[in-house]
Amino acid sequence: MTSVLWLRRDLRLNDHPALHAAAADGPVLALFVLDPALLGPAGAPRVAFLVRSLRALAADLAGRLVLRAGDPTTVVPQVVREVGAAAVHVSADFAPYGARRDVAVERALGDVPFVRTGSPYAVAPGRVLKADGSPFKVYTPFYRAWSSHGWPAPAGAIANRVEWVNGVDAVDVPPEPSLPDGLELPAAGEAAALAAWRAYRRSGLASYPTDRNRPDLDRTSRMSVYLKWGAIHPRTLLADLGPDDETYRKELGWREFYAAVLHHWPASARTYFQPQLAAMQYADPRSESFTAWQQGRTGYPIVDAGLRQLLGQGWMHNRVRMIVASFLVKDLHVEWTHGARHFMQHLVDADLPSNQHGWQWTAGTGTDAAPYFRIFNPVTQGKKFDPDGDYVRRWVPELRGVPGAAVHTPWTLPEPPAGYPPPIVDHAVERAVSLERYGEIRG
Ligand code: FAD
């Protein structure tokens with residue numbers, strides 16, 4: 001009997017347990033639904049990258065990818081009826097919207113089984129628990145338990161042996177939205193993901209522990225955009241890691257941790273994980289300083305470089321994500337939710353668990369055991385992680401004439417660089433304000 005393989009965040013054909021499950025029942029129809037609820041809030045770079053990923057997948061399937069647009073609760077049962085499918089196979093989705101949507105689709109399918117096999121994670125969220133059965137709130141013990149739980153080896157390649165069917169109406173891959181001038185996206189699709197990973201294993205992985213915090217060196221793996229749409233599965237990455245690659249494994253562990261936290265506390269996508277911090281005094285986000293932050297015109301070079309990298313590449317280095325997030329919350333006193341929304345709109349790798357909890361962690365409102373009063377100093381951070389200033393000069397053209405580390409403190413130069421704003425706030429003052437406000441709610 002024919003099965004529908006409904007693809008969502010698993011746009012690949014290798015290492016795909018749900019494809020194995022579908023193919024075991026007979027012919028397979030590969031379906032992707034363009035769901036307005038998911039596409040609406042995404043910015044142009046993310047939509048463009050999805051469109052390119054779909055094009056690559058359609059080519060890998062020799063054109064047999066069926067694309068439909070609309071609400072999956074109507075579209076999926078309709079395709080099932082048209083093709084007379086016996087089951088719908090998926091990789092389970094654990095994010096709040098996806099999990100709710102899947103329950104609704106399952107209900108709409110009635111007697112047709114909705115089969116979940118695998119997920120976008122090495123270990124499905126919800127599986128790694130404390131000895132007493134409760135979920136972890138702190139990363140390090142989670143990581144230990146996750147590592148000892150383990151995960152299966154990558155599933156073998158079977159796509160060539162599958163009997164792919166289509167034979168139902170489909171829409172074309174939509175056109176790409178127009179992108180901001182100069183924005184370049186990485187190559188999309190499974191083959192590009194595998195090639196990028198192979199190249200990184202050869203030339204980047206060994207120096208990951210020493211270089212990963214250096215935005216100027218730009219030596220992280222850039223796998224996040226591929227993991228986002230499942231062009232590659234984390235199990236494939238984990239299987240390639242050796243005993244010396246613990247640092248990289250730990251970063252993948254963060255992704256799994258945040259997915260598990262969001263699974264157990266779905267409301268933490270929007271609300272404070274530590275609710276007492278919601279009572280703090282915050283600034284109005286409709287302020288000029290929030291606009292200056294969004295545009296990368298705060299007068300703090302490392303902050304501005306990061307925010308401009310976000311607009312220019314749809315991506316930002318992890319260290320700089322932390323610096324700009326801390327600056328928004330602790331220096332401008334704007335709530336983390338506004339910054340998280342800006343990131344979700346512009347990041348190509350925008351991923352709800354990692355983004356919302358990355359923000360909450362930095363804001364001091366999340367899973368971090370470290371207290372609220374860890375506040376990043378943007379100048380010290382700049383000098384430490386971009387020691388020669390190359391990252392700043394790459395993204396802030398007004399500062400290209402300033403040599404070396406002096407680029408992190410342009411206001412101290414005898415002649416301030418033309419066109420670059422002075423700092424919009426005094427870090428030392430705003431740090432004290434943050435601590436005072438924190439003191440107020442602690443009583
Ligand atoms: P590498 O350093 O090469 O890491 C390998 C992989 O490990 C990444 O692809 C990612 O899957 C995972 N990883 C690494 N660091 C983290 C982390 N801190 N948290 C969770 N997973 C991690 N990541 C996203 O994928 N999507 C987001 O929307 C996102 N928003 C973030 C927002 C903030 C405020 C912060 C501080 C972090 C955010 N991150 C997010 C995590 C991290 O910044 C990115 O995963 C990383 O920069 C992606 O680049 P890379 O693939 O080169 O990373």
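Predicted model only: the values in this text are computed from it and were never measured. Whatever order the structure lists them in is the order used to number ligands and atoms, beginning at 1.
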Salt bridge (charged side-chain N to carboxylate O under 4.0 Å, His left out) assessment of Glu398 paired with Arg393: CA-CA 8 Å; Glu398 305 96 291; Arg393 278 186 296 276; over 6 Å; no
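- In this pair, Tyr248 and Trp197 present their aromatic rings tilted. The plane angle is within the 30 to 60° band.
- Using bins of under 30°, 30° to 60° and over 60° for the plane-to-plane angle, the ring pair Phe142/Phe136 lands in the perpendicular bin.
- Considering Arg321, Lys228, Arg255 as possible partners of Ser354, the one that fulfils the side chain to side chain contact (heavy atoms under 4.5 Å, CB included) test is Arg255.
- Note on ring orientation: taking the six-membered ring where Trp is involved, the planes of Phe257 and Tyr139 are perpendicular (angle over 60°, cut-offs 30° and 60°).
- Using bins of under 30°, 30° to 60° and over 60° for the plane-to-plane angle, the ring pair His317/Trp315 lands in the perpendicular bin.
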For each nitrogen or oxygen atom of ligand 1, which protein N/O atoms lie closer than 3.5 Å, and how far apart are they, rounded to 0.1 Å?
{"unit_1": "ligand 1", "atom_1": "2 (O)", "unit_2": "Tyr208", "atom_2": "OH", "d": "2.6"}
{"unit_1": "ligand 1", "atom_1": "3 (O)", "unit_2": "Ser221", "atom_2": "N", "d": "2.8"}
{"unit_1": "ligand 1", "atom_1": "3 (O)", "unit_2": "Ser221", "atom_2": "OG", "d": "2.6"}
{"unit_1": "ligand 1", "atom_1": "4 (O)", "unit_2": "Tyr208", "atom_2": "OH", "d": "3.4"}
{"unit_1": "ligand 1", "atom_1": "9 (O)", "unit_2": "Ser224", "atom_2": "N", "d": "3.1"}
{"unit_1": "ligand 1", "atom_1": "13 (N)", "unit_2": "Glu251", "atom_2": "O", "d": "3.3"}
{"unit_1": "ligand 1", "atom_1": "15 (N)", "unit_2": "Glu251", "atom_2": "OE1", "d": "3.0"}
{"unit_1": "ligand 1", "atom_1": "26 (N)", "unit_2": "Asp349", "atom_2": "O", "d": "2.9"}
{"unit_1": "ligand 1", "atom_1": "26 (N)", "unit_2": "Asp349", "atom_2": "OD1", "d": "3.4"}
{"unit_1": "ligand 1", "atom_1": "28 (O)", "unit_2": "Asp351", "atom_2": "N", "d": "3.0"}
{"unit_1": "ligand 1", "atom_1": "30 (N)", "unit_2": "Arg321", "atom_2": "NH1", "d": "3.4"}
{"unit_1": "ligand 1", "atom_1": "30 (N)", "unit_2": "Asn355", "atom_2": "OD1", "d": "3.1"}
{"unit_1": "ligand 1", "atom_1": "43 (O)", "unit_2": "Asn318", "atom_2": "OD1", "d": "2.7"}
{"unit_1": "ligand 1", "atom_1": "43 (O)", "unit_2": "Arg321", "atom_2": "NE", "d": "3.3"}
{"unit_1": "ligand 1", "atom_1": "49 (O)", "unit_2": "Trp315", "atom_2": "NE1", "d": "3.4"}
{"unit_1": "ligand 1", "atom_1": "51 (O)", "unit_2": "Arg222", "atom_2": "N", "d": "3.4"}
{"unit_1": "ligand 1", "atom_1": "51 (O)", "unit_2": "Met223", "atom_2": "N", "d": "2.9"}
{"unit_1": "ligand 1", "atom_1": "51 (O)", "unit_2": "Ser224", "atom_2": "N", "d": "3.0"}
{"unit_1": "ligand 1", "atom_1": "52 (O)", "unit_2": "Thr220", "atom_2": "OG1", "d": "2.7"}
{"unit_1": "ligand 1", "atom_1": "52 (O)", "unit_2": "Ser221", "atom_2": "N", "d": "3.3"}
{"unit_1": "ligand 1", "atom_1": "52 (O)", "unit_2": "Arg222", "atom_2": "N", "d": "2.6"}

